[in-house]
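Working notes, beginning with the structure itself.
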Amino acid sequence: MELNELQTQRLTKLERFRDRGIDPFPPRCSRTHTIARALAEFDAWSEAGTPITLAGRIVGARRVMGKLAFAHITDGSGHIQLWLSKQELGDELFTCFREDLDTFDIVEVHGTLRLTQRGEPSVFVRGLSLLAKALNPPPEKWEGLKDVEERQRQRYLDLIVNEERREIFRQRAAIIAAMRRFLDERGFIEVETPVLQPIYGGAAASPFITHHHQLDQDLYLRVATELYLKRLIVGGFEGVYEIGKNFRNEGVDRLHNPEFTAMECYQAYADYTDMMRLTEQMIRTIALEITGSTTIIYQGHQIDTGPDWTRLSLVGAIRDQTGIDLMEATTLDALWEAIQAAGLKGLERKPTWGKQVDEVFSTCVQPSLIQPTLVLDYPVELSPLAKRKPDMPALTERFEGFIAGMEVANAFTELNDPLDQEQRFLEQGRAFASGDDEAHQMDLDFLNALRYGMPPTGGMGLGVDRLVMLLTDQATIREVMLFPHLRSRGSG
RNA sequence: GGGCCGGUAGCUCAGCGGUAGAGCAACGGACUUUUAAUCCGCAGGUCGAGGGUUCGAUCCCCUCCCGGCUCACCA
């Protein structure tokens with residue numbers, strides 16, 4: 001590894017510790033308190049002169065003025081100023097601080113708490129030792145690390161330097177914990193289903209393919225957890241959920257990453273109207289727990305998760321926005337003709353009626369769905385796993401939830417008729433044969449499960465990353481993922 | 001995949017045919033109450049990669065790599 005000048009300097013300093021018989025990476029430390037604790041007890045401990053030992057990373061500038069020096073250290077709980085006096089520390093340690101310690105080194109300090117004349121709570125340092133030498137230099141002090149690519153490639157550095165970034169991931173953890181609590185309290189049990197699957201399904205998506213050597217078998221990374229979770233409903237669990245990674249071999253953009261975290265839950269003896277209430281309550285509850293309010297601000301939009309969400313039918317919403325009546329334009333040709341007649345611009349011709357409907361919806365309706373909205377009753381062509389509406393068999397009991405123009409939830413009354421499900425798979429097979437590589441595969445084992453009888457069931461899926469985006473006001477999915485997908489950096 | 005913008009010192013950025021620049025950080029020096037400390041001094045570069053044009057290319061042209069925005073595709 002080729003070192004630049006700054007790295008070489010730091011390596012030299014490290015070697016000076018070794019020359020003095022000091023391990024620059026000692027195996028343990030003798031910290032007595034966190035910085036947060038020390039600050040909380042500051043008044044009492046500074047008055048009593050209580051000796052404490054703190055540990056942390058030197059951040060910001062080291063301000064050395066002859067025989068006196070200041071610096072800040074930070075641990076996981078907060079930061080505090082170090083106050084070092086040559087007279088108190090002794091020549092050797094003071095010189096060590098001055099010459100061999102750098103910004104970003106991790107140190108342990110022993111001393112007492114004392115207020116400086118300018119009123120800043122500080123540790124008046126009487127002992128000092130190195131816990132870990134930083135061989136890489138820090139980024140610029142004021143501008144920090146701004147380059148988006150570098151921040152994501154070196155997320156560890158981003159997290160050191162940009163405290164607000166750490167806060168986003170603390171909130172992410174809190175959101176997922178709140179989601180678990182919400183589901184646990186309602187009797188759902190958390191399960192784990194296979195990531196490696198011989199047949200992929202549960203979403204219209206193209207998969208990643210991998211291979212098991214010993215079995216000489218191709219396997220797919222799951223695109224959804226749906227079909228396994230429904231097997232568990234067949235198995236007698238009344239409520240199950242899974243929070244985990246899905247993998248889709250598709251485009252990467254502001255809202256999509258090849259691997260992302262989804263929550264799917266299924267409730268026996270429930271339907272999609274129950275899922276509507278569950279979705280509303282879940283997001284309202286989480287928003288309240290995380291932000292302290294059911295009203296959130298996302299990218300300048302004030303969004304209220306408190307009231308019940310607006311409900312629109314897909315057919316009605318498209319009719320209102322474009323004048324096109326899907327109940328009349330029931331073939332691809334008829335729909336395309338209606339699109340032309342309506343003078344809609346920027347729409348492309350799609351290979352199937354269902355995809356054309358999706359195109360009209362996502363172009364003409366979805367962007368305007370800023371406040372929480374449920375869009376109901378999707379065409380059966382787009383919903384091969386959802387139950388048909390009894391009075392309108394061309395539509396399904398399905399809804400998607402939108403906030404800030406983003407799809408965040410997808411739910412339906414689950415199709416539990418094995419014969420209809422088999423026909424849907426066959427239809428998907430024909431779509432696949434005619435070039436739709438995201439069509440579902442025939443899953444005979446899933447059909448076999450349904451043949452034992454699955455109770456009427458409601459299911460709901462939610463994009464966890466997108467929910468985190470909403471609640472932390474982040475514009476891109478990459479900013480709520482610790483290690484988003486990036487191209488490997490070539491030699492070029 | 002298309003369009004637009006970008007990649008220059010550890011970091012943040014200027015420069016855009018004529019010896020490669022600044023601020024911060026670093027390094028050497030002065031300094032016992034700093035908070036972006038201050039002052040003096042000194043260093044630091046395959047200017048994303050490769051090719052071309054030119055007397056001469058960080059700069060102009062071509063190809064490629066990596067990113068950002070956007071459109072398309074896609075939940």
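Just so we're clear, the structure is a prediction, and the values are computed from it rather than from any experiment. The sequence lines fix the lettering, A, B, ..., with proteins before strands; numbering per chain opens at 1. Atoms considered below: every heavy atom in the structure, side chains included; atoms not considered: hydrogens, waters and symmetry mates.
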Taking the side chain of [X] as its heavy atoms from C-beta onward, which of [options] lies nearest to it?
X: R478(A); options: U32(B), G67(B), G68(B); value: G68(B)
X: E149(A); options: U32(B), G68(B), G67(B); value: G67(B)
X: L6(A); options: U35(B), C24(B), G10(B); value: G10(B)
X: E359(A); options: C73(B), C74(B), U35(B); value: C73(B)
X: L486(A); options: G67(B), G10(B), U32(B); value: G67(B)

Between atom [atom1] in [X] and atom [atom2] in [N], what is the gap in whole Å?
X: M65(A); N: U38(B); atom1: CE; atom2: C1'; answer: 10 Å
X: L145(A); N: C13(B); atom1: CG; atom2: C1'; answer: 14 Å
X: F70(A); N: U32(B); atom1: CZ; atom2: C1'; answer: 8 Å
X: L255(A); N: G68(B); atom1: CG; atom2: P; answer: 14 Å

Rounded [atom1] spacing from [N] to [M] in Å:
N: C31(B); M: G18(B); atom1: C1'; answer: 45 Å
N: A14(B); M: G7(B); atom1: P; answer: 8 Å
N: G52(B); M: C69(B); atom1: P; answer: 35 Å

Q: Decide whether a cation-pi geometry holds between R155(A) and F483(A); the criteria are a distance under 6.0 Å from NZ or CZ to the six-membered ring centre and an angle within 45° of the ring axis.
A: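 Verdict for F483(A): no cation-pi partner in R155(A).
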Q) If you draw the axis of the six-membered ring of F260(A), does the NZ or CZ of R248(A) fall within 45° of it and under 6.0 Å from the ring centre? A)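 No - R248(A) does not lie over the ring of F260(A) by the 6.0 Å and 45° rule.
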Q.
Which heavy atom of L54(A) sits nearest to which heavy atom of T34(A), and what is that distance?
A.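 Answer, listing the atom of L54(A) first, then T34(A): CD2-O, 3.9 Å.
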Q: Could you tell me which non-hydrogen atom of G201(A) sits nearest to which non-hydrogen atom of A224(A), and how far apart they are?
A: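 That closest heavy-atom pairing would be O-CB, 3.7 Å.
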(Q) Do N249(A) and Y220(A) pair up side chain to side chain, a donor and an acceptor below 3.5 Å, judged on atom types alone? (A) no
Could you tell me whether [X] contacts a base, only the sugar-phosphate backbone, or nothing, with contacts defined as non-hydrogen atoms closer than 4.0 Å?
X: E438(A); result: sugar-phosphate
X: A205(A); result: sugar-phosphate
X: G463(A); result: nothing
X: E143(A); result: sugar-phosphate
X: R248(A); result: sugar-phosphate

Taking only side-chain N and O atoms of [X], does any of them lie within less than 4.0 angstrom of OP1 or OP2 on [N]?
X: R98(A); N: U32(B); value: no
X: K13(A); N: C27(B); value: yes
X: R153(A); N: G67(B); value: yes

Between N or O atoms, less than 3.5 Å apart, protein on one side and nucleotides 43-45 of chain B on the other: list the pairs.
{"from": "G44(B)", "atom 1": "O4'", "to": "E5(A)", "atom 2": "OE1", "distance (Å)": "3.2"}

Q. Pairs in or reaching into residues 360-375 of chain A: which pass side chain to side chain donor-acceptor pair (under 3.5 Å), with residues at least two apart or in two chains?
A.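 Sorted result for residues 360-375 of chain A: empty, none.
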Q) Taking everything shown except F432(A) itself, do over 12 heavy atoms lie less than 6.0 Å from its CZ? A)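 Open: at most 12 neighbouring heavy atoms sit under 6.0 Å from CZ of F432(A).
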